[in-house]
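First comes the structure, then the notes that go with it.
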Amino acid sequence: MSVKAISVKASDSVSAVSEFKSKLGDFSPKFILFFASSVYDETNPARALKENFPDCEIIGSTSHSEYCNNEFNSSSISFMAIDKDSVEDVCVKVVENTNSDNADYVTPIEETYKYFGGYDNILNNFDKYVGIVLFESSSKSEEFGMDKIGTQTDILYIGGSSSEMNGTSRVYANGKSYKNSTVMATLKTVDGYKIIKTQSAEVFSDRELTVTKSDVKNRIMYEIDNRPVDEVYAEVLGIDKSHIADYFVSNPLGVLSEDEIFIRTFNEICENGISLHCGIPEGTVIHILKIGDIIHDTKCALDEAIKEKPAGVVNFNCLYRTLEITNKNIVEQYCELFGRYTSIGFSTSGEAYLGHINETSTVLVIN
Amino acid sequence: MAGKIKLMIDKIVQEKSKGNDIIAKCTRTKLVLKGIAVDKYTLSSPDEPAVIANISKIAKEFGVTL
C-alpha cells in the first residue's frame with residue numbers, strides 16, 4: 001500500500017501524532033498531508049509530526065471539520081501518508097506576508113523548478129507533476145495568489161483555504177505554523193494524477209452579464225452591464241430587488257470557461273454593491289446559477305474521472321457544502337462516495353484550481 | 001479595424017501551450033478568470049483599446065511577446 005489515510009482524535013498534537021505513528025506501523029512516508037481541527041493549533045501538530053518524521057516533507061492546514069475515508073469528524077486530525085511508490089519527490093515552499101501586496105510567489109516557483117532540474121524537465125513529464133496549495137484564509141488574498149501562481153507556472157496547483165472551529169486559522173509546513181501565508185507542495189508522482197473540480201450548480205439563465213464596476217481586492221461588485229448589481233440580479237431572477245438576499249445561497253454567480261463553472265458566492269449587501277467571497281475583475285462575463293443535488297453531482301464527477309482504484313484521493317470541500325450536507329442530513333451518503341477510496345479531506349474556506357473558487361469541491365486523485 | 005483581440009488571445013494560448021492541450025485549455029481559463037471573455041472575440045470583433053491594453057499587460061506577465 002503506497003498511501004494511508006488515518007483519522008485520530010486525541011487530547012493534543014503530541015498524543016495525536018503518537019497515535020498516528022503507531023497506526024502507520026512500519027510504513028515509511030515520503031510526504032504527509034494533514035488537516036487538523038483548529039483545536040490542535042496551540043500544540044502545533046506540524047512540529048510533533050516533524051519531530052517524529054524528520055526525513056519526511058509535511059504540509060497541513062487547520063480545519064473546521066475533517067473527512068477521512070468514509071468518516072466525517074470534528075476535533076480530529078486527518079492524516080494522509082504517501083510513500084515513494086506513489087510520490088517520487090516533493091518540494092515544499094512557503095509564501096509569507098500574503099496579506100500584503102508584495103507576497104512573492106515568483107521565487108518559490110523558480111526554486112521549485114531548480115529543485116526538479118529545471119522547467120523543461122517538468123514540462124517533459126507534465127503528467128507526473130502536480131501541486132497542492134494551502135492558503136491561510138484570513139489574508140483573503142487567494143484570488144491574487146492563484147492568479148500569480150497561474151501566471152508564473154503551468155504546473156497545476158489544487159487545494160483550498162484553511163478553516164477553523166474554536167481556534168485560529170493556520171497553515172503548516174515542515175514543523176512550522178504560519179498565519180498570512182501560503183504553503184505549496186509540488187509533487188512528482190510515480191503514476192500521475194487526476195484533478196476533479198465539482199460543483200453542484202448549473203446555469204440558471206443563459207443571459208450573459210458583464211462585470212463593469214468591481215473592487216477585486218475588497219471583493220465587492222458594484223455594477224453589471226453598467227447598472228447596479230442588485231438591480232440586474234433581481235431582474236434576471238424575476239424577483240423584487242428587496243428580496244435578493246434570500247436568493248444568495250440558491251443562486252450564486254458563475255464564470256464559465258468552456259465546460260467548467262467557477263462559482264463566486266455572495267457575502268452580503270453593502271453600500272452601492274454586493275460583497276462576494278471572491279473578487280471578480282471588470283470585463284468578466286458571468287452567469288447566474290442555481291444550486292443542484294450535491295450527492296448526485298459529486299458521484300457523477302468522481303465516477304467519470306476515476307475508472308481504476310487510485311492510490312489516494314484528497315478532497316478540498318467547501319465549508320458551505322459541508323454545512324449543506326449536514327443541514328440536509330446527507331453526510332453519510334456523501335462520505336460513502338469518498339469511502340470507496342483511501343481518502344482524506346477537510347471543509348475549506350475557499351477552493352483552489354486555476355483560480356480561487358467558492359462552493360466547490362476540488363479533488364486531487366493520485367493514481 | 002477588427003479581429004486584433006482574437007489574434008492576441010490565440011497567440012498567448014499558442015505560445016504558452018506549445019501544443020500541450022491541457023496547458024492550452026488552462027491558459028484560456030486563466031484568461032477568462034483575469035476578465036478576458038475569450039469566447040466572445042472573433043475576427044470580426046472591434047479592436048477595443050482598453051481590452052487590447054489589458055491583454056498586452058497579461059501577455060507581458062505571461063512572458064509572451066505579441
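Every chain is numbered from 1 and lettered A, B, ... according to where its sequence line falls, protein lines coming before strand lines. All of these numbers come straight from a predicted model, not from anything done at the bench.
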Self-check item: Over 12 foreign heavy atoms within 6.0 Å of NZ, A:K148
Solution: yes
Quiz prompt | Which atom of B:K30 lies closest to which atom of A:G150, heavy atoms considered | solution = NZ-O, 2.8 Å
Quiz item: Considering all heavy atoms of both residues, which atom of A:S257 and which atom of B:T29 are nearest to each other, and what is their separation?
Solution: OG-OG1, 2.9 Å
Quiz prompt | From CZ (A:R264) to CG (B:L33), nearest 0.5 Å | solution = 5.5 Å
Practice problem: Select one option (side chain, backbone, both, neither) describing which atoms of A:I286 are under 4.5 Å from chain B's heavy atoms. | Solution: neither
Self-check item: Between NZ on residue B:K40 and CD on residue A:E208, distance to nearest 0.5 Å
Solution: 8.5 Å
Quiz item: When you look at NZ of A:K194, are more than 12 heavy atoms from neighbouring residues, nucleotides or ligands closer to it than 6.0 Å?
Solution: yes
Quiz item: Can you check side-chain contact (heavy atoms from CB on, under 4.5 Å) on A:D259 and B:K25, steps first, answer last?
Solution: CA-CA 10 Å; A:D259 53 345; B:K25 182 178 178 181; 3.2 Å; yes
Exercise. For atom NZ of B:K4, decide whether the heavy atoms of other residues, nucleotides or ligands shown that lie under 6.0 angstrom number more than 12.
Key: no
Quiz item: Given the rule in the side-chain hydrogen bond (donor to acceptor under 3.5 Å, both in side chains) test, do A:T151 and B:K34 qualify, once you have shown the distances and angles that lead to the verdict?
Solution: CA-CA 10 Å; A:T151 300; B:K34 286 172 182 283; 2.7 Å; yes
Self-check item: Engaged part of A:L123 at the chain B interface, taking heavy atoms whose separation is under 4.5 Å
Solution: side chain
Quiz prompt | Neighbours of chain A found in residues 8-23 of chain B - heavy atoms under 4.5 Å | solution = B:K16, B:N20, B:I22, B:I23
Quiz prompt | For chain A, which residues of residues 45-66 of chain B have heavy atoms nearer than 4.5 angstrom | solution = B:E61, B:F62
Exercise. Rounded to the nearest 0.5 Å, what's the gap from CD1 on A:I155 to SG on B:C26? Could you check?
Key: 12.5 Å
Quiz item: What's the verdict on side-chain contact (heavy atoms from CB on, under 4.5 Å) for A:E258 and B:V38, showing C-alpha distance, side-chain angles and the deciding distance?
Solution: CA-CA 10 Å; A:E258 298 184 18; B:V38 296; over 6 Å; no
Practice problem: Determine the option with the most heavy-atom pairs under 4.5 angstrom with chain A, choosing from B:I36, B:L31, B:V32. | Solution: B:V32
Exercise. Would you indicate whether A:D206, at its atom CG, is surrounded by more than 12 heavy atoms from other residues, nucleotides or ligands within a distance under 6.0 Å?
Key: no
